[in-house]
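The block underneath contains the structure these notes are about, expressed in structure tokens.
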2 protein chains.
Amino acid sequence: MYIQQLIDKGFPIKSVLKDSIIYEPGMKPRFVYFIKSGEIRMVTVSEEGKEFIQGVFKSGQYFGEPALLVNRPYLAFTIANKNSELIALGRDDFFKLLKSDSDFSMDLIKVLSNRLFYKSMMLEELANEKAEHRLETIINYLFTDLAKGDSLNVTRQDLADMTGLRVETVIRGVKLLADKGLILLHKGKIIKK
Amino acid sequence: MYIQQLIDKGFPIKSVLKDSIIYEPGMKPRFVYFIKSGEIRMVTVSEEGKEFIQGVFKSGQYFGEPALLVNRPYLAFTIANKNSELIALGRDDFFKLLKSDSDFSMDLIKVLSNRLFYKSMMLEELANEKAEHRLETIINYLFTDLAKGDSLNVTRQDLADMTGLRVETVIRGVKLLADKGLILLHKGKIIKK
DNA sequence: TCTTAAATATGATACAGATCATAATTATTC
DNA sequence: GAATAATTATGATCTGTATCATATTTAAGA
């Protein structure tokens, strides 16, 4: 955890309210954001207003580095899913941290690798697989770290926004997966088998 | 360029023939591959045998690190597009390089960030945008670094495999873009305007 | 230059999933 | 616990692109 170090060094904690936008596509990147508490979603929005969830970041994680590192305008929105506390680290401080702390740069490399893994997996799904397969893949991915009997706390709409499908298609697809015994449903909640 | 350093240090150069497979999905990652010459494509293949191009790597570039770094089996094939020369750097040597050479680790961070950018862009396209829009985006992306009048040397099939479309759809879509004056066509070649 | 292969082109049909409309269930708030 | 909002559910229709079939053009090899 690098957040505590940053707090100790006196970086200010910024509170953001649920649903507020931290940055938008087209903006020039100036900060990397560390999450002290709360949850942030990163989404791109099509011209017709449809959201695609590029990632969700939780307490202890950070976001916004790639744009800063390659010095290109953001392509996504980042929006607070809940009231959250962030520490915004400016470009120079971020590069300083990267250079001075090789553990941090190793951590960043692994974080970026993990995100690449997720995106490669989803690209294959969106490019080649149909609704049911996509849903099975994303649900299994979300199941990692959950125990049997645990339920996912994501809505059908969330799954739609992660898979490029529409809610109705997700609802029907999830039902098919349940019929096939791959998942359990209880009051609409998706439960790990 | 880190390849020369590796050659100087005595790492062996491995020749691979066009169309040969360097690694496959499911294999445990053991090396990072530096390309001395040639070209490698990274593809995932659907159950029905349809390829999706995750990336193309050229001379001077390297591939295979994310799987090694997060220690998960590969999800893609890497296949030589041409006869190529590679240097395979084992896990320990790779981590040693990362730790000892902060320029290299900075380079890796930027490389990973660039790949994330590309994948985020394509995810948005595949999730939300239809054929023509996808084609416009990928073609413009491939146009970067090209001058006006230059032509893309990718086939319609390549574009299909990068966008999750089928050849016929790409052919029709490219024609539409040409009709709208966004690109030029000469003997089927796509030319930057 | 002729031959063969690869890539591009074009039309017809099929189908998965989007879209639209509306209802039923579950969760939240007062 | 009733009222309201959010989420899940279900049917009917529409549509973009896949699929299939076949032809034409361009490139590569002999």
Side-chain angles (χ1 to χ4, degrees), chain A residues 18-19 45-53 81-83 122 124-139 142 151-179 183-191, chain B residues 18-19 45-53 81-83 122 124-139 142 151-179 183-191:
Chain A
K18 179 167 156 57
D19 296 328
V45 179
S46 75
E47 281 150 37
E48 304 88 63
K50 199 184 161 210
E51 280 196 12
F52 175 77
I53 298 176
N81 276 342
K82 310 172 180 172
N83 293 338
M122 290 312 292
E124 158 64 20
E125 291 295 325
L126 299 202
N128 281 336
E129 312 290 355
K130 33 183 104 73
E132 212 186 315
H133 194 284
R134 288 190 207 179
L135 287 168
E136 195 183 338
T137 299
I138 190 78
I139 287 171
L142 296 174
S151 73
L152 288 185
N153 61 337
V154 293
T155 65
R156 305 288 190 274
Q157 185 62 58
D158 292 334
L159 292 175
D161 292 346
M162 289 188 269
T163 54
L165 301 168
R166 311 299 317 214
V167 220
E168 298 93 326
T169 307
V170 172
I171 288 165
R172 292 184 245 252
V174 164
K175 203 150 287 182
L176 284 172
L177 293 178
D179 288 348
I183 56 171
L184 291 174
L185 288 180
H186 175 62
K187 292 191 178 179
K189 290 284 165 214
I190 297 166
I191 292 161
Chain B
K18 179 170 154 59
D19 295 329
V45 179
S46 75
E47 280 151 37
E48 306 87 62
K50 198 183 163 213
E51 280 195 12
F52 175 77
I53 299 176
N81 276 343
K82 310 172 178 172
N83 293 338
M122 291 312 291
E124 159 64 19
E125 292 294 324
L126 300 201
N128 281 337
E129 310 292 353
K130 34 182 103 72
E132 211 185 316
H133 194 284
R134 289 190 207 179
L135 287 167
E136 195 182 337
T137 298
I138 189 78
I139 288 173
L142 296 173
S151 73
L152 287 186
N153 62 336
V154 294
T155 66
R156 304 288 191 273
Q157 185 62 58
D158 292 334
L159 292 175
D161 292 346
M162 288 187 271
T163 54
L165 301 168
R166 313 302 313 217
V167 220
E168 299 92 328
T169 308
V170 172
I171 287 166
R172 292 183 245 251
V174 164
K175 203 150 290 183
L176 285 173
L177 293 178
D179 288 349
I183 55 170
L184 291 174
L185 288 180
H186 175 63
K187 292 191 178 180
K189 289 285 166 213
I190 297 166
I191 292 161

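Source: prediction; values computed, not measured. Letters A, B, ... are given to chains in the order of the sequence lines, protein chains preceding strands, and every chain is numbered from 1.
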Among C/dG17, D/dA9, C/dT10, the one nearest A/Lys175 by side-chain distance: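 For A/Lys175, the side-chain atoms sit closest to D/dA9.
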In whole angstrom, what separates [X]'s [atom1] from [N]'s [atom2]?
| X | N | atom1 | atom2 | result |
| --- | --- | --- | --- | --- |
| B/Leu126 | D/dA18 | CG | P | 11 Å |
| B/Asn128 | C/dT19 | CG | C1' | 15 Å |
| B/Glu129 | C/dA18 | CD | C1' | 15 Å |
| A/Glu48 | D/dT15 | CD | C1' | 14 Å |
| B/Lys130 | D/dC14 | NZ | C1' | 13 Å |
| B/Leu176 | D/dG16 | CG | P | 12 Å |
| B/Ile171 | D/dA18 | CD1 | P | 12 Å |
| B/Ile191 | D/dT26 | CD1 | P | 12 Å |

Near-strand residues of residues 154-169 of chain B, defined as heavy-atom separation under 4.0 angstrom from DNA chain D: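 Within this stretch, B/Gly164, B/Leu165, B/Arg166, B/Glu168, B/Thr169 sit under 4.0 Å of the strand.
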Close approaches to DNA chain D from residues 132-139 of chain A, in residue order (heavy atom, under 4.0 Å):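 Within this stretch, nothing sits under 4.0 Å of the strand.
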Roughly how far apart are [X] [atom1] and [Y] [atom2], rounded to 0.5 Å?
| X | Y | atom1 | atom2 | answer |
| --- | --- | --- | --- | --- |
| A/Asn128 | B/Glu51 | CG | CD | 9.5 Å |
| B/Leu126 | A/Thr163 | CG | OG1 | 12.5 Å |
| A/Leu165 | A/Glu125 | CG | CD | 10.0 Å |
| B/Ile190 | B/Leu152 | CD1 | CG | 5.5 Å |
| A/Arg134 | A/Thr169 | CZ | OG1 | 9.5 Å |

Sugar-phosphate or base contact per nucleotide [nucleotides 23-30 of chain C; S, B, -; heavy atom under 4.0 Å]: ---SS---
So [Y] and [X], do their side chains get closer than 4.5 Å, heavy atoms only?
| X | Y | answer |
| --- | --- | --- |
| B/Leu159 | B/Leu142 | yes |
| B/Ile191 | B/Ile183 | no |
| B/Leu135 | B/Leu176 | no |

Test item: B/Asn83 side-chain N/O and B/Lys18 main-chain N/O as donor-acceptor pair under 3.5 Å: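 The answer is yes, because a donor-acceptor pair under 3.5 Å joins these two groups.
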Residue B/Asn153 excluded, over 12 heavy atoms near CG under 6.0 Å: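 Counting other residues, nucleotides and ligands, CG of B/Asn153 stays at 12 neighbours or fewer.
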Distance-minimising heavy-atom pair for B/Ala160 and B/Arg166: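 What the structure gives for the nearest pair is CB-C, 3.9 Å.
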Distance-only donor-acceptor test, B/Arg172 side-chain atoms vs C/dG11 base atoms, 3.5 Å: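 Such a pair exists between side chain and base.
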5'-most by nearest nucleotide on DNA chain C - A/Lys50 or B/Leu185: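 Its nearest nucleotide being more 5', the pick is B/Leu185.
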